Amino acid sequence: MDIHSEKILILDFGSQYTQLIARRIREAKVYCEIHPFNSGLASVRAFDPKGIILSGGPSSVYDKGAPMIGKEIFDLGVPVLGICYGMQLTAKLLGGKVERSSKREYGGADLVIENAGDLFTGLGLGSTKVWMSHGDRVEALPPGFKTIARSANSDICAMRDAARKIYGVQFHPEVVHTPKGDRILKNFLFQVCALKPAWTMKSFIETSIAEIRAKAGDDRVVCGISGGVDSAVAALLVHKAIGANLTCIFVDNGVLRKGEADKVEATLKKSFHMNIRRVNASARFLKKLKGVEDPERKRKIIGGEFVRVFEAEARKIKNVKFLAQGTLYPDVIESVSFKGPSATIKSHHNVGGLLKKMKLKLVEPLRELFKDEVRSLGREMGMPDEIIDRQPFPGPGLAIRIIGEVTKKRCDILREADAIVLEEIKSAGLYKKMWQSFAVLLPIRTVGVMGDERTYENTVALRAVESVDGMTADWVKLPYEVMESISRRVINEVRGVNRVVYDISSKPPSTIEWE
Ligand code: XMP
């Protein structure tokens, strides 16, 4: 079965929750994509969705330059669900009245359902908690619509045109603060749009393998492996499709963690018999980094050097026509978003030049997936937890965790300290519970005593944070015993360190990495 034939289109009007809508729909095993609100009717038609969701957004429908669509979208014969701004827009376009309000309604509210059935199937009549975040509200229904729920603050909290299958809800069903929101979205998918839950990782693997085979044919593909979960899963999927025609290149840039290169190579080679070329380029990278203190320059140097080393290695392989990459859906959404790519997304290795110079085409088998889907895809293909559950690690590696100049000696000190941090965090059973936990090497030396001797050595900062997506983060309240054993072991076992401190800053206003 073609898993892409039954899909939902989400038109994005700029809500911070738009990605959450997509997550919820994917979790319900229905494929969906987010497109900018202004992609145009022809593109909507071409996508051929079985249902359309109009997202929320920060604007008022009365704002000058507020995001608008043509009302022809309601004539496609496809069910539509407008959420918050999406509902107000629906009301305005179809002839209802939206009241401009200066006061925002923000937070929990009681939704009183007046018409159980389709969108509210299984919720019963009566009240249920929902999450509100809106300024304007619908004051008068457009012709053909009926109210199906209200709240203390608005008489029209949910509306429907049963004949045309057009719905609007003032609240946000996609957030966890709307406990029954999941059921409401599922009702839209399964009751209203009559979809089936067919989007599973198993079906995704089958479809992707067929697509990769059709695209690559008998040509060869190269893929850069970083040690992270995205590139490993992308490579494994391509390997399943074309086997020995895939060559993976793993560049050891000298700023990797202890034993990392060996581990990744061993796993992919032994368990999956993949073709891996490991290039030890440590000396090259460290030479270029000599004397450099500015983190942005470190990033540029490492990115640029990576591309050069990768190219030299890729040129040794005959008939290479494709470059496989582990680009994920959030990167794709960012790059097509009408808001423009956000500054918070970290730049990827700049492979644009490489593609041009070597005349390569891209294979990006994970472009449709969110991070947790990539993890379940990896698991489904038998990838070990050790790779799947890895905490994120920045591309420029230890270079941005060594504050000041990066030297081989300082890399070695940090590598040892970092290995102890990870060992202790893992043995305390905390590794998977946090976003990141690592050591930072500071550019200061302080006095200590060891035995009878005075020492004048380095300070290591310990950083452990909880986060959902890396955009915001809070420091982890680590148990004292764990901090104690980390500190004791680092100071005793790592030569050159006589002090360990704990970072208790959250993001914002701090960042996760120190740089
Ligand atoms: P910050 O330090 O900005 O980090 O709070 C947020 C997340 O991004 C990771 N990070 C990077 N990842 N290249 C990367 O691939 C980079 O240059 C980079 N800088 C930060 C960081 O580890 C955290 O997960």
Side-chain angles (χ1 to χ4, degrees), residues 19 223-234 250-257 260 264 285 288-289 292-307 310 325-332 334-335 341-352 364 366 370-372 374-375 387-404 406 411 414-415 418 421-422 425 430-442 461-476 503-515:
Q19 280 204 29
C223 180
I225 298 284
S226 69
V229 52
D230 306 344
S231 61
V233 171
F250 184 85
V251 177
D252 184 345
N253 56 13
V255 285
L256 300 173
R257 282 184 282 201
E260 187 160 36
V264 173
F285 280 83
K288 282 263 156 84
L289 287 167
V292 177
E293 294 190 357
D294 174 49
E296 276 311 312
R297 267 199 71 208
K298 289 179 186 173
R299 282 200 176 84
K300 287 222 168 71
I301 290 171
I302 292 173
E305 207 55 18
F306 171 83
V307 170
F310 188 90
Q325 261 200 324
T327 315
L328 303 194
Y329 194 45
D331 307 326
V332 176
E334 275 295 325
S335 62
S342 102
T344 46
I345 292 286
K346 303 289 167 191
S347 56
H348 285 248
H349 285 133
N350 181 10
V351 294
E364 298 180 307
L366 313 181
F370 288 99
K371 188 89 176 183
D372 55 322
V374 170
R375 293 205 163 102
I387 294 188
I388 303 275
D389 295 324
R390 284 186 58 153
Q391 294 176 351
F393 184 62
L398 300 182
I400 56 164
R401 293 183 180 169
I402 293 173
I403 315 308
V406 179
C411 285
L414 184 56
R415 244 191 292 273
D418 188 67
V421 171
L422 289 182
I425 294 283
L430 298 172
Y431 183 77
K432 283 202 216 167
K433 294 196 181 131
M434 52 184 89
W435 175 258
Q436 273 170 311
S437 46
F438 56 88
V440 181
L441 185 60
L442 306 189
L462 173 61
R463 183 81 165 131
V465 295
E466 303 170 323
S467 172
V468 180
D469 51 13
M471 303 290 211
T472 61
D474 200 5
W475 60 282
V476 175
D503 181 354
I504 52 169
S505 344
S506 60
K507 171 184 180 176
S510 297
T511 50
I512 296 176
E513 304 287 347
W514 279 43
E515 314 201 2

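None of these values were measured; they are calculated from a predicted model. Note that ligands are numbered from 1 as they come in the structure, with each ligand's atoms numbered from 1 the same way. Because only heavy atoms are used, hydrogens play no part in the values below, and waters and symmetry mates are left out as well, while side chains stay in.
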Expected output: side-chain [X] to main-chain [Y] donor-acceptor under 3.5 Å:
X      : Y      : result
Arg415 : Leu256 : yes
Ser506 : Trp475 : no
Arg299 : Gly395 : no
Gln19  : Pro330 : no

I'd like to know if Trp435 contacts ligand 1, where contact means a heavy-atom distance under 4.0 Å to any ligand atom.
yes
Holding to salt bridge (Lys or Arg N to Asp or Glu O under 4.0 Å), I want the full list of residues that pass it with Arg375, two or more places apart in sequence or in another chain.
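Arg375: no salt bridge (Lys or Arg N to Asp or Glu O under 4.0 Å) contacts found.
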Residues at least two apart in sequence or cross-chain that pass salt bridge (Lys or Arg N to Asp or Glu O under 4.0 Å) with Lys288, listed by chain then number, are Glu305
Just distances here: any N/O of Ile400 and N/O of ligand 1 closer than 3.5 Å?
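In this structure, Ile400 places no N or O atom under 3.5 Å from an N or O of ligand 1.
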Is the closest N or O pair between Lys507 and ligand 1 shorter than 3.5 Å?
yes
Which ligand 1 atoms are under 4.0 Å away from a heavy-atom of [X]?
X      : value
Pro396 : 13 (N), 16 (C), 17 (O)
Gly395 : 13 (N), 14 (C), 15 (O)
Gly470 : 6 (C)

Of the listed options Arg299, Gln391, Gln436, closest to atom 16 (C) of ligand 1 (non-hydrogen atoms):
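Ranked by closest heavy atom to atom 16 (C) of ligand 1, first place is Arg299.
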